[in-house]
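Heads up, the thing below is written out as structure tokens.
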Amino acid sequence: MSNIAQVIVNIPTRSIDKPFSYLIPPHLQGVDVGWRVLVPFGNRKVEGFVIALAAERPEGLKTILDVLDTYAWFNTNMIETAKWLSTYYLCSLGEALRLFVPGQSGIRTQKAYKAPDEADFEQAAVILENKPVEYSTVLSYIYNQGSATLTELVKLSENTNTILKFFLQHKLIVHSDTVNKRGKSNTTTIVNLAVGREVAALTEQQLPKTCLAQRRLLHALIDNNELTTAQLRDLNITPSTIKKLASQGLITIRTTQVFRNSYDTLCKSATKITLTEEQEHALKAIIPLICAQAHKSFLLHGVTGSGKTQVYINAVAEARRLNRQAIVLVPEIALTSQIIARFQAAFGNDIVVMHSKLSVGERHDAWRRLQLGQAGIVIGARSALFAPVNNLGIIIIDEEHEFTYKQEESPRYHAREVALIRAKLAGAVVILGSATPAVETYYQALNGKHTLLPMRKRIDNVPMPAVTVVDMRQELAQRRRSVISPPLQEMLAETLANKEQAVILLNRRGYSTFVLCRECGHVLKCRHCDISLVYHTSGNTLRCHYCQERHSIPDTCPECGSRYIRYFGTGTQKVEESLNLLFPTAKIIRMDQDTTSRKMAHDKILSAFANGSYDILLGTQMVAKGHDISNVTAVGIISADTALNLPDFRAAEKTFALLTQAAGRAGRGAKAGRVVMQTYNPEHYAVQAGAAHNYQEFFESEITFRRQLNYPPFTHLLKITVQANDETIVHRNANLLASELAQILTGVDSSIVGPFPASINKIKDIFRVNILIKTTDLPNVTLKLTDVDIISRKDIIVDVDPINVL
DNA sequence: AGCACGCCGACT
DNA sequence: GTCGGCGTGCTC
């Protein structure tokens, strides 16, 4: 029997990318593939993941110190998914595996020191003789305690680090990490009043005005007998506040063994829902494959309001009936409370909701419930994809085109791609749902990779909203300069008169200004790249971020000769001002980065709007997502083409998706909806197709453009970012790398674009230069890059299938 | 990632 | 002559 384990250490770096062998000691004979273990590594103790057992027995192996669980954390499906992820996205296996661990690590390590096994006290005395007294203070503390943590030791002297280094060199002490397992305790803290309510009320009044948190806590305790951790968090009460009041004897804290489950609602509403013909058709295709335990992916292409969620629910119900588990991914938990509520109504306690605000302990508990089969459904943002479900039957990705599915830190994975692999390995079904599928996904569906399931009709045959496109160039020609055009103004007036509500979208993203002629709508573009030019304050020039070419700013429009060339940009505040002037009695609420920075602000704003406290909801793209408010009958889009002018090959796709989504907010209830889109590019296919609710039309134009310019889905992109804290060095390194790449990629079907400075070319004093590789043979490119060990270079970031090519 | 080993400048 | 800078290289 084998007693050697191949272990991947959980250290967040790309440079250690190989397993290490450890002896499994007799008392840990149960250790097997998938177990999390504690191993000695150098002079540290680290978490490791057993990925294989080995038979041979080389000399000089260290021994596994401990196990973190009493079971295997990873199943083979999870390990294989991680292996694929590390190969495809060029990260180490350790980086990929730790995605499956709540809080990225199962242990918390504290640096600590102890006397060596053969301590030479006489030698120590000699060495200490001509050293300051603090040296002996530190050493005797360690010797007397047996072992001391760094945190304790730094309190003893200002020079603790120097002193410790000295002792380590002279072998008077050795490292001895203190390791705590994380997320093990299934306990929750409960806070009670320790005094009578009257006393508490009096104390609350006497507290200084500034002690807001203390007042809040006392107030809540007077109303409720006790408060749990979750309730305290909702009230924004921090542990320090609790400690403060506890130290004054006003409250008591106790810890109980409660199994954490934030969502405790029960499965009640078993109301029979009549499916539409299209929903039924989709489910007829999906359900047999769930039963057959076969891998298959579906693209559920349904217009807004066509009832995709019900299809998800029924498909998940089927998987649950067969006792298989489900992963449901949503783009952003804060903006998708409606879909979560629907699932909770249908499945109650069987659901685990992965909230970004969950503590590591809560996350651990939630995942444990899934591992044990006590819960069958996990719903969450992209990280929920790594939930340790052992009996995976279905993965659902709602709004699959959303860019939040791409992780922007290493490992830079895309949840859709990983989901497809994980499901394939598990023999599970994938449903990709969207009203505006990613061009890549739709293309794959047309080529048979996914089964296309269209849903063209809204529930109850509610018509799609009527769209009016307003040509803002004409507005200017008529000398109307208001950001709110007459048609929009008229629609809003009628909506308000009917006591209905309106949503206004001002899609202003980023800071880079694009340059536009207000007379003809012409946007200045690079002549080589078909990409909008970006205004740079440094040097006062226009630049193309793709090819680095600089252009001077023309005085007149090169298209029509007009002098109305402007750097475009209108903020939400300006629009709010105009609206207030036009409709002084209307109640307007703004939702954008500025107003939603506080926790749960989204929900508060949306529910205030939903319950009718406001007439107009004005904001950035977030107003276009997720909500379904029946009294909203009008949607206004101030500037439908803002995203169009971003220097990005996906600009049209982003614009079309946003227009469709925003328009989809109108007329969800019984009343018909309408939309006004203001634009300087009324003839652009993204605007036209958006106004016509016609995805096919958009797709046809877009795919032609992608094919012509060799963009995805016809090629894969690979972005390589070179970083350095010196501008000359970063360019030199990038140029060197580019020629190195050109060499190693000879014979592979690929082309190299750049080097060109990143759009934000300096972050925190680090300069960044990008190189793009376009290829039809990604596996081969990846292979070549692995051959030259590019991933171990610390100054290089590799992003496979980047979302942001700049 | 840490941490050790190792080779060059400013100090008792 | 020593302390200590941070440049490679290793960790079963």
Do you know which two heavy atoms are closest between A:Ala366 and A:Met354, and how far apart they sit?
CB-SD, 4.1 Å
Under-4.0 Å side-chain N/O to phosphate OP1/OP2 contact, [X] with [N]:
{"X": "A:His175", "N": "B:dA4", "value": "yes"}
{"X": "A:Lys165", "N": "C:dC3", "value": "no"}
{"X": "A:Lys62", "N": "C:dT11", "value": "no"}
{"X": "A:Thr13", "N": "B:dA1", "value": "yes"}
{"X": "A:Asn43", "N": "B:dA4", "value": "yes"}

The side chain to side chain donor-acceptor pair (under 3.5 Å) partner of A:Asn10 among A:Gln104, A:Glu95, A:Glu47 is A:Glu47
Closest listed nucleotide, where the reference is the side chain of A:Leu168 and the choices are B:dA1, B:dA4, C:dC12
B:dA4
Would you mind telling me which of B:dC3, C:dC12, B:dA1 lies closest to the side-chain atoms of A:Leu61?
C:dC12
Verify stack between A:Phe20 ring and C:dC12 base, 5.5 Å, 30 degrees
no
To the nearest angstrom, how far is [X] atom [atom1] from [N] atom [atom2]?
{"X": "A:Ile8", "N": "C:dT11", "atom1": "CD1", "atom2": "C1'", "result": "13 Å"}
{"X": "A:Ile11", "N": "B:dA1", "atom1": "CD1", "atom2": "P", "result": "10 Å"}
{"X": "A:Arg44", "N": "B:dA4", "atom1": "CZ", "atom2": "P", "result": "11 Å"}
{"X": "A:Tyr135", "N": "C:dC3", "atom1": "OH", "atom2": "C1'", "result": "11 Å"}
{"X": "A:Phe166", "N": "C:dG4", "atom1": "CZ", "atom2": "C1'", "result": "14 Å"}
{"X": "A:Tyr113", "N": "B:dG2", "atom1": "OH", "atom2": "C1'", "result": "10 Å"}
{"X": "A:Leu164", "N": "C:dG4", "atom1": "CG", "atom2": "P", "result": "14 Å"}
{"X": "A:Asp17", "N": "C:dC10", "atom1": "CG", "atom2": "C1'", "result": "15 Å"}

Describe, in one word, how the ring planes of A:Tyr88 and A:His716 are oriented to each other, choosing from parallel (under 30°), tilted (30 to 60°) and perpendicular (over 60°).
perpendicular
If you measure from the Lys or Arg side-chain nitrogens to the Asp or Glu carboxylate oxygens, is any gap between A:Arg44 and A:Asp177 under 4.0 Å?
no
Any chance you could measure A:Asn770, atom CG, to A:Ile797, atom CD1, to the nearest 0.5 Å?
9.0 Å
Taking any heavy-atom pair under 4.0 Å as a contact, classify A:Lys111: base, sugar-phosphate, or nothing.
sugar-phosphate
